[in-house]
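Numbering of residues begins at 1 and proceeds along the displayed sequence.
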Amino acid sequence: MVKNKKANKVADTIQTTVKSKSKTKDKGKVKSNASAAPLATSTIRKIKENYISWERSLVEQLQMASPNHHLTTGGFREEVWMSMFEQMIPQKFSIARSVFIIDSQGRISDEIDLAIFDEQYTPYIFRQGVIKYIPVEAVAVVVQCKSESLKIKPLKKWLDSIVKLQTSLRGISRIMTGYAYNENQTYVKDSRIPHEKGLAQTSTRPIVMLCHLSQDNSSSGELYKQIQRFDFVISPNLQSKGHLRVQMPMEEQAKEYPDDIHNSILYWLRQLNQNNHKQYNEKAMPYTDKRSRTGEDAIPEPLHFTMDQYRVHTHSNPAVGQEISLLTLTFQLNQLLMLINNPLLFPHQAYVDMFNKPEFDDNIHQDDIGQPNEE
């Protein structure tokens, strides 16, 4: 009995010691977490401050000008815009200046000031001397850079040259379950049975952006109409020195039609992945207008998010704080890039057929090519 009492007393002592150490350890953890919280808060604030400083520096550079050479100033500003995008987009994308975009029908865009394209995906860039022609299937963003003035006809002509380009669906590739032949339908294995859900991606188009320094704030007329055709419009904020103004014209339409899908993720899925979708049958369209917001066939709630929800401000209450436009643009642009992150299968055969069209025949003499070697 005495031994049992002593044993119980020792056990109680050990248990009390363990509990005491456990409490001390837990207190240490609480203290550690408490000390980590202010550090995290300070870091996030500094990141926001860094974007504010970057934005101010960017605007100052854009407003610098060469008094005697307009072309030099324009080129410098393009470089400023280019540096902004370089620090904003994933490394899988490359940025090229003064290029043209081509499609497999032989259509060519007007000159593109800045083109953001997937260099890992693009198997080739066609060249004519120093001039580059990038296949439209690989282009994610096109940017028109303008300085002080915006003119209606050049803007319309440039936009029309982008709109007319079409991606081809004639890509062929191996997939885990067999192969994919992406012309109107995707086939698996050798059964040639199309996917029942249709295609999530049928015909892509690049995101179209306008970067300018114009002070024209007109909200009507033909110039306003052309500006509304851009997906993003970026310029120095005339009402707030040292800040940029990032506009998505679809946001204004969304405010006018709150029950519509304007500027939602669903809208952008369709715009960027099912461009000119009228050429496809309804089975190839995974997200049709007939899908309701409720029930088994309801559109997933995240697809209702609008790009306006991706805005970042200096204060948690937007009415009190100011927008950090560069941080907003970073989130908005990269979200859209993720929607077209898996580009269409590259249509090699379509471009082969383009080069072999009779209208593109060149009168090259055999002497110019060279004679076969004689043994």
Ignoring hydrogens and geometry, is there a side-chain-to-backbone donor-acceptor pair from [X] to [Y] under 3.5 Å?
X	Y	value
His315	Asn317	yes
Ser161	Asp110	yes
Lys48	His313	yes
Ser325	Leu244	yes
Gln63	Glu60	no
Ser57	Ser53	no
Ser109	Ile101	yes
Ser83	Val80	yes

Report the distance from atom [atom1] of [X] to atom [atom2] of [Y], rounding to the nearest 0.5 Å.
X	Y	atom1	atom2	answer
Asp353	Gln349	CG	CD	4.5 Å
Phe331	Leu336	CZ	CG	13.5 Å
Lys146	Trp158	NZ	CH2	9.5 Å
Ser168	His348	OG	NE2	11.0 Å
Phe230	His212	CZ	NE2	9.0 Å
Leu333	Phe85	CG	CZ	6.5 Å

task: Among Asn273, Asp231, Thr167, find the residue that satisfies the side-chain hydrogen bond (donor to acceptor under 3.5 Å, both in side chains) test when tested with Arg205.
output: Asp231

- request: Write out all pairs satisfying ring pair (Phe, Tyr, Trp, His ring centres under 6.0 Å) with one or both partners inside residues 126-154, taking only residues at least two apart or from two chains.
  value: Phe100-Tyr133, Tyr124-Phe126, Phe126-Tyr351, Phe126-Phe355

Of all heavy-atom pairs between [X] and [Y], which one has the smallest distance, and what is that distance?
X	Y	result
Gly106	Phe360	CA-CZ, 4.2 Å
Gln166	Val136	O-CG1, 3.8 Å
Leu114	Glu78	CD1-O, 4.2 Å

Min side-chain heavy-atom separation [X]-[Y] under 4.5 Å:
X	Y	result
Met88	Leu329	yes
Thr204	Glu137	no
Phe232	Val143	no
Arg77	Cys145	no

query: Can you check salt bridge (Lys or Arg N to Asp or Glu O under 4.0 Å) on Glu79 and Arg97, steps first, answer last?
result: CA-CA 9 Å; Glu79 290 183 2; Arg97 287 181 61 189; 3.4 Å; yes

- prompt: If we ignore angles and hydrogens, is there a donor and acceptor under 3.5 Å between the side chains of Glu323 and Thr328?
  reply: yes

- request: Check whether the side chains of Gln322 and Ser240 place a donor and an acceptor atom closer than 3.5 Å, and report yes or no.
  value: yes

message: More than 12 heavy atoms of other residues, nucleotides or ligands under 6.0 Å from CD of Gln87: yes or no?
response: yes

- prompt: Should the heavy atoms of other residues, nucleotides or ligands under 6.0 Å from NZ of Lys164 be counted, would the total exceed 12?
  reply: yes

